[in-house]
Amino acid sequence: MTVTADMAVSLDGYIAGTGVSVDNPGGDGAKPLFAWIHELASWRERQGMDGGVENRDSELLREWFDATGAVVMGRMMYDTGEEFWGANPPFRAPVFVLTHRPRPTLVKEGGTTFTFVADGIHSALEQAKAAAGSRNVDIAGGASTVRQYLGEGLIDELQLHVVPALLGDGLRLFEGPGTGPRALEPVRVVDTPLATHLKYRFVK
């Protein structure tokens, strides 16, 4: 089992724009970060839609979907995504939501469940590992959640999809607590017209 984090990032290092809110989950100016995903066949499958483009980008996204057996996310990511995901979220796996406001587990269509964990990141990860079986646990975000797991040395692999766009301002992943010096080794680099896909393993 591998604990992963998989993020789209702009060329100047932003994973979201400015003004992130429940009504504006990606922030201002962040459309290029995610637009490349929307026409991929593997993404459309997860949204219950037909068609889409089959290419190397779609293959990499499908690989990530298929390898992930459970997900951990922060409450802000859940709150900003809840309406967008609707009744059939794309995770198709147990999701553990870090929160200070616990609530009963939600069971959605397609195999997604949301369990709200109020006793910290270690508890959420242990529950996710138990639920994932032999598959991976993905630390989905947002940035502060990924930083917390980075700071504790709990992430094994990091995949960045570097999009050829400059945001100029917004939310950086590698900034603030949890982002101190770390050694990584490259696993692969895949370059496509849509993004450069960088996969690294943390040296422990």
Side-chain angles (χ1 to χ4, degrees), residues 1-16 20 25-27 33-34 60-61 63-81 90-102 105 112-163 170-190 195-204:
M1 175 187 292
T2 302
V3 179
T4 66
D6 192 290
M7 314 288 287
V9 59
S10 69
L11 193 59
D12 51 349
Y14 296 101
I15 62 168
V20 174
L33 285 179
F34 311 107
L60 291 172
L61 201 62
E63 174 189 270
W64 172 55
F65 283 144
D66 291 346
T68 300
V71 174
V72 177
M73 69 176 59
R75 184 62 185 257
M76 182 64 170
M77 182 175 178
Y78 173 80
D79 287 344
T80 56
F91 303 101
R92 313 288 173 86
V95 179
F96 297 86
V97 182
L98 297 166
T99 184
H100 296 295
R101 296 171 283 139
T105 296
T112 300
T113 58
F114 291 100
T115 299
F116 298 86
V117 181
D119 53 348
I121 66 171
H122 293 275
S123 175
L125 182 57
E126 290 308 309
Q127 292 181 60
K129 285 181 174 180
S134 60
R135 298 164 74 195
N136 295 342
V137 173
D138 186 66
I139 310 300
S144 63
T145 297
V146 175
R147 288 188 203 119
Q148 288 180 68
Y149 282 97
L150 285 174
E152 293 291 323
L154 297 173
I155 294 177
D156 303 310
E157 290 185 352
L158 176 68
Q159 182 160 240
L160 300 175
H161 309 281
V162 183
V163 179
L171 181 63
R172 293 185 184 275
L173 177 60
F174 301 113
E175 187 172 80
T179 56
R182 296 287 304 279
L184 302 96
E185 57 185 15
V187 176
R188 71 178 177 205
V189 177
V190 179
T196 300
H197 309 276
L198 308 173
K199 190 172 186 179
Y200 296 97
R201 182 176 297 114
F202 284 98
V203 177
K204 298 187 177 181

Are a donor atom and an acceptor atom from the side chains of Ser144 and Gln148 found within less than 3.5 Å of each other?
no

Test item: side-chain donor near acceptor, Thr68 and Asn136, under 3.5 Å:
no

On a heavy-atom basis, which atom in Gly69 and which in Pro94 lie closest, and how many Å separate them?
O-CD, 3.3 Å

When rounded to the nearest 0.5 Å, the distance separating CH2 of Trp64 from NE2 of His161 is 6.5 Å

First locate atom CG of Leu173, then atom CD1 of Ile15, and finally report the distance between them rounded to the nearest 0.5 Å.
5.0 Å

If we ignore hydrogens and angles and just use 3.5 Å, is the side chain of [X] paired with the main-chain N or O of [Y] as donor and acceptor?
X	Y	answer
Thr99	Arg101	yes
Arg182	Lys204	no
Asp138	Val71	no

Suppose we screen for ring pair (Phe, Tyr, Trp, His ring centres under 6.0 Å). Which residues come up paired with Phe116, at least two apart in sequence or across chains?
Tyr78

Taken in chain and number order and not counting sequence neighbours, the residues that satisfy ring pair (Phe, Tyr, Trp, His ring centres under 6.0 Å) with Phe96 are none

Salt-bridge test for Arg135 and Asp66: reply yes if a basic N is under 4.0 Å from a carboxylate O, no otherwise.
no

Flag the pair Thr115 / Gln127 as yes when at least one side-chain heavy-atom distance between them is below 4.5 Å, and no otherwise.
yes

